[in-house]
Amino acid sequence: MTDKSKVLIFDTTLRDGEQSPGATMTHDEKLEIAELLDEMGVDIIEAGFPIASIGDFEAVSEIAKRSKNAVICGLARAKMPDIDRAWEAVQHAAKPRIHTFIGTSPLHRAIPNLSMDEMAQVIHDTVTHARNLCDNVQWSPMDATRTEHDYLCRVIEIAIKAGATTINIPDTVGYTAPRESADLIKMLIERVPGADEIVFATHCHNDLGMATANSLAAVEAGARQIECTINGLGERAGNTALEEVVMAMKVRHDIMPYDTGIDTTKIMNLSRRVAQVSGFAVQFNKAIVGKNAFLHESGIHQDGVLKNVETFEIMKPADIGLNEANIAMGKHSGRAALRAKLNDLGYELGDNQLKDVFVRFKALADRKKEIYDDDLIALMSDSAANTDSDYLQVKWLRVICGSDGQEAELKMLVNGEEKSSTCGGDGPVDAVFNCVKAIYPTQAKLKLYQVHAVTEGTDAQATVSVRMEEDGRIVTGSASDTDTILASVKAYVGALNRLRVRSQKTAPDADMKSVSFKL
Ligand SMILES: CC(=O)SCCNC(=O)CCNC(=O)[C@H](O)C(C)(C)COP(=O)(O)OP(=O)(O)OC[C@H]1O[C@@H](n2cnc3c(N)ncnc32)[C@H](O)[C@@H]1OP(=O)(O)O
Ligand SMILES: CC(C)C(=O)C(=O)O
Ligand SMILES: [Mg+2]
């Protein structure tokens with residue numbers, strides 16, 4: 001590689017990322033993620049571990065066949081059948097790569113019970129075999145950061161001589177720290193003969209929360225490939241997060257003058273898609289892609305951002321493909337943000353009106369964790385029922401489940417009047433939703449239903465989110481309860497309340513700007 005400022009991005013979401021317990025993705029989901037990664041400009045996609053299962057083999061093969069620009073890589077142990085199987089899967093790619101590895105630290109050498117010399121021989125033989133099949137071979141000394149330096153230099157030299165074109169230095173257990181990570185790469189570049197003919201890669205895990213820092217330190221020392229995953233998905237505490245290293249090098253190009261080929265505007269979409277298909281929700285305060293990464297709820301921050309966004313934002317949300325509002329309304333918000341938010345929603349308020357609405361807004365914010373646009377629309381309405389969006393209320397629920405089928409009995413208040421219904425369905429949630437529809441007939445369509453366990457154990461709080469659509473209006477509803485069915489019906493009814501408020505406010509005869517409200 002001649003361009004010394006170019007850092008290759010090697011994405012292993014589909015291999016190391018999928019190794020997260022519970023993150024298994026389906027064949028079609030893997031194809032979709034691979035396509036998105038290729039479109040985003042990832043240089044190498046590690047598509048899987050072909051010998052691991054027929055499913056992995058088929059996914060890697062299909063990804064290889066469909067690949068456009070990215071190199072497609074398959075992982076293999078230091079075993080000939082693994083390497084053959086990896087080659088069988090990736091060979092149809094326009095740019096195939098075999099990645100073979102063995103644990104070189106004392107702890108890992110003890111597992112196959114190989115002496116240093118015996119392992120050196122295995123490395124020579126397996127890398128030679130891989131190189132006879134494919135001219136793009138990556139070799140990894142697993143647990144490199146806990147391997148004796150002399151032995152590491154020795155086996156890397158053997159791998160280079162046997163034909164490896166990329167040498168990856170894994171911090172398999174997330175043990176290293178930034179300075180040590182840099183020193184290790186520097187030492188290898190200085191000591192290993194042939195080091196200047198290959199690319200050094202860094203592969204960090206986040207057990208101590210240092211994966212991003214360790215990867216960037218390795219790059220500063222001369223590594224030119226970062227191995228990473230979307231959302232930092234991966235074994236235990238995860239791998240280096242792709243979005244973090246890429247954005248760090250973009251935002252702080254002044255001190256890290258390295259370039260990647262990543263179209264960063266595609267980051268947010270990929271992050272959301274990976275979260276959905278892996279079932280690993282992104283933590284709210286996750287760097288770059290967390291829900292709160294560009295959100296401001298405190299009045300002082302909101303006022304600053306409204307006057308000059310750079311006061312509290314070091315990158316533009318649009319740079320990662322986020323085009324949503326960056327102001328979150330809550331109990332810490334101030335008048336400036338409330339006015340701006342209401343303006344966005346079509347309300348133009350005088351100072352006195354704003355003062356009054358602000359008092360009611362703070363009262364609502366004391367009761368409610370997050371204030372959504374629909375809450376503000378309801379707040380601006382003169383209908384007391386709308387203020388709390390509680391036209392429909394769940395009063396009582398009983399569900400009978402079993403192998404004979406499910407039946408739900410539901411009592412609700414509709415504008416204060418009690419109504420009840422008993423329905424069956426395809427599962428308990430469907431039975432309850434059928435009851436709601438029997439009580440409150442609606443054309444609204446359920447577009448998304450998601451359950452997340454907030455805590456662990458059988459008494460876990462479940463948070464249910466639903467997305468509903470009617471006449472082009474899309475709203476969400478969410479509710480938490482230790483009873484998943486109860487959380488489901490509350491989320492569903494919440495969304496129906498929102499749809500009702502929204503349809504009133506956007507009906508042809510409803511003029512948002514002239515709406516009156518009670519003082
Ligand atoms: C740090 C990493 O991320 S490494 C990658 C980890 N990923 C995975 O393991 C996911 C996919 N793995 C699998 O599906 C299975 O483990 C398989 C198919 C690879 C192997 O399954 P099995 O044959 O049942 O072996 P098992 O998983 O019990 O144990 C691993 C074996 O591989 C050997 N092994 C582990 N790493 C290597 C290596 N790099 N080179 C050679 N042999 C290795 C172990 O010594 C052990 O051998 P043994 O059975 O002779 O004692
Ligand atoms: C297979 C290797 C590269 C790995 O994932 C690790 O060591 O963490
Ligand atoms: Mg790993």
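Order of appearance sets the numbers: ligands from 1, and atoms from 1 within every ligand.
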[X] versus ligand 1: do any nitrogen or oxygen atoms come within less than 3.5 Å of each other?
X: Asp16; value: no
X: Arg77; value: yes
X: Arg15; value: yes

Q | Interatomic spacing from CG in Leu446 to OH in Tyr492 - rounded to 0.5 Å | A | 6.0 Å
Q. About how many Å separate OG1 of Thr172 and CZ of Arg236, when rounded to the nearest 0.5 Å?
A. 8.0 Å
Charged N to carboxylate O under 4.0 angstrom, [X] versus [Y]?
X: Arg273; Y: Glu32; answer: yes
X: Asp82; Y: Arg77; answer: yes
X: Glu244; Y: Lys286; answer: yes

Judging by distance only, is a nitrogen or oxygen of [X] under 3.5 angstrom from one on ligand 2?
X: His205; value: yes
X: Asp16; value: yes
X: Ser140; value: no
X: His99; value: no

Do [X] and [Y] have side-chain atoms, one donor and one acceptor, less than 3.5 Å apart?
X: Ser271; Y: Asn231; result: yes
X: Thr104; Y: Tyr151; result: no
X: His27; Y: Glu58; result: no

Closer than 4.0 Å and a protein heavy atom, does any atom meet both conditions relative to [atom]?
atom: atom 48 (P) of ligand 1; value: no
atom: atom 26 (P) of ligand 1; value: no
atom: atom 8 (C) of ligand 1; value: yes
atom: atom 42 (N) of ligand 1; value: yes
atom: atom 34 (N) of ligand 1; value: yes
atom: atom 14 (O) of ligand 1; value: yes

Q. What protein heavy atom sits nearest atom 4 (C) of ligand 2, and how far off is it?
A. His203 NE2, 3.4 Å
**Q.** Closest protein heavy atom (residue, atom, distance) for atom 7 (O) of ligand 2
**A.** Thr172 OG1, 2.6 Å
Q: Name the option, out of Ile111, Ile102, Val122, that contains the heavy atom nearest to atom 45 (O) of ligand 1.
A: Ile111
Q) Is the shortest distance from a heavy atom of Arg15 to ligand 2 less than 4.0 Å? A) yes
(Q) Any side-chain to backbone donor/acceptor pair from Asp16 onto Gly234? Under 3.5 Å, distance only. (A) no
Q. Which protein N, O or S atoms lie under 2.8 Å from the Mg ion (ligand 3)?
A. Asp16 OD2, His203 NE2, His205 NE2
Q. Which of parallel (below 30°), tilted (30 to 60°) and perpendicular (above 60°) describes His296 and His301?
A. tilted
Q) Which ligand 1 atoms does Ala78 reach within 4.0 Å, using its non-hydrogen atoms? A) 38 (C), 39 (N), 40 (N), 41 (C)
